[in-house]
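A short worksheet on the structure shown next.
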Amino acid sequence: AQKITQTQPGMFVQEKEAVTLDCTYDTSDPSYGLFWYKQPSSGEMIFLIYQGSYDQQNATEGRYSLNFQKARKSANLVISASQLGDSAMYFCAMSSWYSSASKIIFGSGTRLSIRP
Amino acid sequence: EAGVTQFPSHSVIEKGQTVTLRCDPISGHDNLYWYRRVMGKEIKFLLHFVKESKQDESGMPNNRFLAERTGGTYSTLKVQPAELEDSGVYFCASSQGRGLIEKLFFGSGTQLSVL
């Protein structure tokens, strides 16, 4: 069975510091994709970053980077130089081609709060 | 370009009543998904449309839930009769491609409260 685990229900970080949000996953499929989404208080889900299982390099998108450790099945999100606007819920997610291209499964989320 | 829109944003109903949620995907997106997040738990897949056809409805909890996508455009999700455990946030998402990189564009969700 496939599963996404986010062990940090909530985090507090000082503004301008870097923050790492943990995500581990479980799948027996050799080909899969890992995502991070941000959900601000307004409610919408915003795509942040994607990592393919065969990608050799860690994905980066501006201040976001994904620390992909395939052997450990972890896909942690790193936010550099955090800003007040980064306060939100963050969800790690996975899609697996062989299981079903139509499904993305989500973790339970981490609520990140940035202190000024 | 308009994003994914959902209506209503909030709905409060009594147990046994019927509620219909609506989702308008991004124009041109063939894929439309419904997800649900029950308080404090993970977001769970409900079903997936490709145009007007149901590609995968394995996540639908029971036959009280009925989803339709008329003409491959907007979609509705009807809950009839609603039960207390149906409370949660219902998200709709759409995407353009069929590849592994399913970059989903989400709506703001409908907060459903069943009393």
Side-chain angles (χ1 to χ4, degrees), chain A residues 1-10 23-27 29-55 59 61 64 66 88-111, chain B residues 2-10 23-26 29-51 53-60 67 88-112:
Chain A
Q2 299 182 61
K3 190 177 181 181
I4 292 280
T5 302
Q6 293 180 256
T7 58
Q8 306 154 310
C23 173
T24 58
Y25 61 92
D26 191 17
T27 181
D29 293 332
S31 181
Y32 51 90
L34 297 157
F35 305 77
W36 278 91
Y37 285 86
K38 172 184 178 182
Q39 186 187 30
S41 57
S42 52
E44 74 273 25
M45 296 278 282
I46 303 168
F47 169 83
L48 294 179
I49 198 167
Y50 167 83
Q51 178 86 41
S53 59
Y54 291 115
D55 292 343
E61 290 284 348
Y64 304 109
L66 199 152
M89 282 290 291
Y90 288 81
F91 292 95
C92 181
M94 175 174 67
S95 69
S96 173
W97 182 256
Y98 289 98
S99 296
S100 170
S102 67
K103 289 184 197 174
I104 291 182
I105 61 170
F106 289 84
S108 55
T110 296
R111 182 171 296 282
Chain B
V4 177
T5 57
Q6 292 187 244
F7 181 82
S9 57
H10 293 82
C23 169
D24 287 78
I26 292 173
H29 281 192
D30 288 342
N31 297 291
L32 187 150
Y33 305 81
W34 284 98
Y35 285 84
R36 175 173 75 170
R37 183 173 190 231
V38 175
M39 180 63 73
K41 297 188 178 180
E42 64 267 26
I43 301 169
K44 289 217 182 256
F45 168 83
L46 295 178
L47 88 159
H48 169 210
F49 284 99
V50 177
K51 297 183 180 178
S53 300
K54 291 177 185 174
Q55 179 76 12
D56 183 348
E57 54 183 330
S58 61
M60 294 287 263
V89 181
Y90 289 77
F91 288 101
C92 175
S94 71
S95 71
Q96 195 170 32
R98 289 297 308 278
L100 181 61
I101 305 177
E102 282 282 291
K103 181 178 177 180
L104 300 184
F105 295 85
F106 281 83
S108 298
T110 294
Q111 173 77 56
L112 175 64

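Source: prediction; values computed, not measured. In what follows, every chain begins at residue 1, and chains take the letters A, B, ... in the order their sequences are listed.
- Of the listed residues (A:Met89, A:Gln6, A:Glu44), the greatest number of heavy-atom pairs within a distance under 4.5 Å of chain B belongs to A:Glu44.
- The closest side-chain heavy-atom distance from A:Ile105 to B:Lys44 is not below 4.5 Å.
- In this structure, no portion of B:Ser9 lies under 4.5 Å from any heavy atom of chain A.
- In A:Tyr64, the OH atom is crowded: over 12 heavy atoms of neighbouring residues, nucleotides or ligands sit closer than 6.0 Å.
- The number of heavy-atom neighbours closer than 6.0 Å to NZ of B:Lys54, taken from other residues, nucleotides and ligands shown, is above 12.
- The side-chain heavy atoms of A:Phe47 and B:Phe105, taken from C-beta on, include no pair separated by under 4.5 Å.
- At a 4.5 Å heavy-atom cutoff, the contact between B:Phe91 and chain A is made by side-chain atoms alone.
- Put simply, the side chain of B:Tyr35 gets close to the backbone of A:Ile104: a donor and an acceptor are under 3.5 Å apart.
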side-chain contact (heavy atoms from CB on, under 4.5 Å) between A:Tyr37 and B:Ile43, intermediate numbers included: CA-CA 12 Å; A:Tyr37 285 86; B:Ile43 301 169; over 6 Å; no

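- Between atom OG of residue B:Ser108 and atom CD of residue A:Gln39 there is a gap of 9.0 Å, rounded to the nearest 0.5 Å.
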